[in-house]
Amino acid sequence: MDGNGRWARARGLPREEGHERGADSVRTVVRAARKAGIEALTLFAFSSQNWDRPPEEVFHLMELLRRYLVQERDEILGNGIRLVTVGDSERLPPHVRAPLVDLMAASADNRDMVLCLALSYGGREMLTKAVREMCRAAIAGRLDPAEISVETVESYLDSSRLLPPLDLLVRTSGEHRISNFFLWETAYAELHFTEKMWPEFGREDLMAALHDFAGRERRFGHTSEQVRPPAASGGNGGSGESGLD
Ligand code: IPE
Ligand code: MG
């Protein structure tokens with residue numbers, strides 16, 4: 001979710017106003033995602049690096065998050081949404097942590113969609129934490145370094161426990177960067193970039209991103225022929241491919 005500040009500045013408004021409008025987009029997009037049947041939606045709401053913004057802006061973002069958690073509680077619970085987080089949420093101030101922990105617990109049995117908030121999140125930080133924990137396990141004799149596989153590393157990432165594999169990453173505001181988001185998880189994710197600033201990103205923009213995604217061929221390092229479903233055999237040999245594997 002990028003571009004709140006620029007959206008506001010372009011209109012002669014304080015950055016805070018951009019964040020307020022950004023929160024409205026969050027509401028709209030969560031609703032639209034739930035309606036569209038998306039299994040899991042992660043919102044990169046606050047990065048590990050965002051703590052270094054001016055204190056007044058950090059304070060306002062925390063207040064906005066607290067307000068969102070309180071105001072959206074009923075809608076989240078009423079729509080079968082399970083709220084989870086990735087990141088170092090221990091760093092969040094108590095007045096934000098309290099409604100967050102409460103809503104996570106209250107929504108834990110919901111099954112219709114996962115809404116994951118990336119809070120105090122950094123992809124490098126998460127990978128570093130995983131390395132730290134793997135080293136600890138190795139020293140304690142619980143993990144054999146020779147046995148460490150891609151799956152092992154994955155099992156040390158919270159995202160793998162909480163979320164299905166990442167299919168699509170949407171970045172707003174015309175920036176073409178990952179910016180320390182899901183570094184591991186984006187390995188084979190499809191990337192969608194839009195010039196729209198986050199406060200102006202709405203339902204149609206989410207649908208456009210999904211449409212873009214639906215047109216991609218995901219090969220995961222294989223060839224087109226390997227991943228394409230075999231052509232229906234009409235008997236006239238039109239496709240030229242046998243469809244046999
Ligand atoms: C995204 O908008 C919101 C957060 C990162 C919290 P920005 O605040 O990054 O907006 P720009 O990039 O300054 O326009
Ligand atoms: Mg930004």
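Whatever order the structure lists them in is the order used to number ligands and atoms, beginning at 1. Position 1 is the first residue of the sequence; numbering continues from there. All figures in this text were calculated on a predicted structure; none of them were measured in a lab.
In summary, no N, O or S atom of Glu175 is located under 2.8 Å from the Mg ion (ligand 2).
Of all non-hydrogen atoms in Leu127 and Leu183, the two that sit nearest each other are CD1-CB, 4.2 Å.
Closest heavy-atom approach to atom 8 (O) of ligand 1 within the set Arg6, Glu57, Arg53, Arg9: this belongs to Arg53.
From the protein, the heavy atom lying nearest to atom 10 (O) of ligand 1 is Gly5 N, 2.9 Å. Scanning the protein for heavy atoms near atom 3 (C) of ligand 1, the closest one is Asn4 ND2, 3.4 Å. When hydrogens are left out, the protein atom nearest atom 1 (C) of ligand 1 is Met1 O, 2.9 Å; that is the closest non-hydrogen contact.
No more than 12 heavy atoms of other residues, nucleotides or ligands shown are found within 6.0 angstrom of NE2 on His211.
Electrostatic pairing of Arg66 and Glu63 counts as a salt bridge here, judged by a charged N lying under 4.0 Å from a carboxylate O. Note on Arg73 versus Glu75: no salt bridge recorded, every NZ/NE/NH1/NH2 to OD/OE distance being 4.0 Å or above.
Separating the CD atom in Glu39 from the CG atom in Leu41 is a distance of 12.0 Å, to the nearest 0.5 Å.
Contacts of Ser173 with ligand 1, taken as heavy-atom pairs under 4.0 Å, are absent altogether. Residue contacts with ligand 1, taken as heavy atom pairs separated by less than 4.0 Å, involve His19 solely via side-chain atoms from C-beta onward.
Ring pair Phe182/Tyr121: centre-to-centre distance below 6.0 Å.
Counting atoms of ligand 1 from 1 in the listed order, those under 4.0 Å from a heavy atom of Asn50 are 5 (C).
At least one heavy atom of Ala45 sits less than 4.0 Å from an atom of ligand 1.
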